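First the structure, in the form of structure tokens, and then the observations on it.
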Amino acid sequence: MGLKRRNRVSPNFSMASMTDVIFLLLIFFMITSTVVSPNAIKVLLPQGKQQTSAKPLTRVVIDKDLIFYAAFGNEKEQPVALNDLTSFLQSCAEKEPEMYVALYADESVPYREIVRVLNIANENHFKMVLATRPPENK
């Protein structure tokens, strides 16, 4: 007795569903990549949520007129030239080898001025903290 199948199995693979999945993935990655980039640019400094609990031993302050001030411990901040800041921080490091420096910069200070102080700290292997103000309560 010869039984014949009425339906034949096709050996072809349908790519219709695969192209739908790839198209949806493409749309997903295009949308998420455009959402990520603008958020990285919107940074509100110098306000921050986290505040350091330890008190810094050395403070460097840059005011809105780009005048540098420095102080060690509980001393009052004294005006210091940018060229003299390295020697001041080195003398503080001799007094306290485990010191770290807190940088207080006005929010209107150009970023290059902050980077100059960070470079001085990096070259001399000082621990550096960027000080921020706490968030405003609403």
Side-chain angles (χ1 to χ4, degrees):
M1 184 160 131
L3 296 175
K4 289 187 178 180
R5 289 185 172 214
R6 292 186 180 192
N7 296 336
R8 294 189 74 191
V9 177
S10 174
N12 297 335
F13 179 73
S14 175
M15 291 292 290
S17 62
M18 185 65 74
T19 55
D20 289 344
V21 169
I22 291 175
F23 182 67
L24 289 173
L25 285 173
L26 179 65
I27 291 174
F28 173 76
F29 286 119
M30 286 173 52
I31 291 173
T32 57
S33 67
T34 57
V35 170
V36 171
S37 295
N39 290 342
I41 296 172
K42 295 178 185 176
V43 178
L44 299 174
L45 291 177
Q47 189 176 52
K49 293 182 181 179
Q50 297 288 330
Q51 298 293 316
T52 181
S53 59
K55 295 197 178 208
L57 295 173
T58 305
R59 296 178 309 283
V60 176
V61 181
I62 308 172
D63 69 0
K64 63 182 177 180
D65 299 323
L66 301 180
I67 299 173
F68 290 80
Y69 299 89
F72 178 74
N74 294 328
E75 299 172 357
K76 189 176 187 293
E77 290 86 5
Q78 300 293 326
V80 63
L82 181 63
N83 298 334
D84 299 332
L85 187 61
T86 304
S87 60
F88 175 79
L89 293 176
Q90 287 173 343
S91 67
C92 293
E94 290 174 5
K95 297 175 190 174
E96 180 61 52
E98 293 297 317
M99 76 152 195
Y100 63 95
V101 181
L103 176 60
Y104 296 86
D106 189 86
E107 58 187 3
S108 64
V109 171
Y111 191 64
R112 69 176 176 272
E113 301 299 325
I114 295 170
V115 170
R116 287 180 183 170
V117 177
L118 292 175
N119 285 337
I120 290 171
N122 188 34
E123 291 168 0
N124 293 290
H125 306 289
F126 298 137
K127 297 173 189 166
M128 192 70 146
V129 175
L130 290 174
T132 59
R133 70 173 188 251
E136 300 169 357
N137 295 331
K138 294 181 181 180

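Throughout, numbering of the chain's residues begins at 1 and tracks the sequence. Being a predicted model, the structure only gives us computed values, none of them experimental.
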- Task: Name all residues meeting the side-chain hydrogen bond (donor to acceptor under 3.5 Å, both in side chains) criterion together with Glu96; count only those two or more places apart in sequence or in a different chain, and write none if there are none.
- Result: none
- Query: Within a strict 4.5 Å, meaning less than it, do heavy atoms of the Val101 and Cys92 side chains meet?
  - Reply: no
- Task: First locate atom CG of Leu103, then atom OG1 of Thr58, and finally report the distance between them rounded to the nearest 0.5 Å.
- Result: 12.0 Å
- Least distance between heavy atoms, Phe72 atom then Phe88 atom: N-CZ, 4.0 Å
- Separation between CG of Leu26 and OG1 of Thr19, rounded to the nearest 0.5 Å: 12.0 Å
- Task: With sequence neighbours excluded, give me every salt bridge (charged side-chain N to carboxylate O under 4.0 Å, His left out) pair touching residues 9-21.
- Result: none
Contacts table for residues 114-124: side-chain donor-acceptor under 3.5 angstrom, sequence neighbours left out:
{"from": "Arg116", "atom 1": "NH1", "to": "Glu113", "atom 2": "OE1", "distance (Å)": "3.4"}
{"from": "Arg116", "atom 1": "NH1", "to": "Glu113", "atom 2": "OE2", "distance (Å)": "3.2"}
{"from": "Asn119", "atom 1": "ND2", "to": "Val115", "atom 2": "O", "distance (Å)": "3.4"}
{"from": "Asn124", "atom 1": "OD1", "to": "Gln90", "atom 2": "NE2", "distance (Å)": "2.9"}
{"from": "Asn124", "atom 1": "ND2", "to": "Ile120", "atom 2": "O", "distance (Å)": "2.8"}

- Residues forming a salt bridge (charged side-chain N to carboxylate O under 4.0 Å, His left out) with Glu77, sequence neighbours excluded: Arg59
- Partners passing salt bridge (charged side-chain N to carboxylate O under 4.0 Å, His left out) against Lys95 (at least two apart in sequence or in another chain): none
- Working to the nearest 0.5 Å, report the span between CG of Asp84 and CZ of Phe68. 11.5 Å
- What pairs with Leu25 under side-chain contact (heavy atoms from CB on, under 4.5 Å), at least two apart in sequence or on another chain? Val21, Phe29
- Item | Leu89 side chain near Phe126 side chain, heavy-atom distance below 4.5 Å | yes
- Item | Leu24: side-chain contact (heavy atoms from CB on, under 4.5 Å) partners, not counting sequence neighbours | none
- With sequence neighbours left out, what residues match Gln78 under side-chain hydrogen bond (donor to acceptor under 3.5 Å, both in side chains)? none
- The salt bridge (charged side-chain N to carboxylate O under 4.0 Å, His left out) partners of Glu98 (sequence neighbours excluded) come to Lys127
- Item | Which residues share a side-chain hydrogen bond (donor to acceptor under 3.5 Å, both in side chains) with Ser108, sequence neighbours left out | Asp106
- Message: Among residues at least two apart in sequence or on other chains, which ones pass side-chain hydrogen bond (donor to acceptor under 3.5 Å, both in side chains) with Asp63?
- Response: none
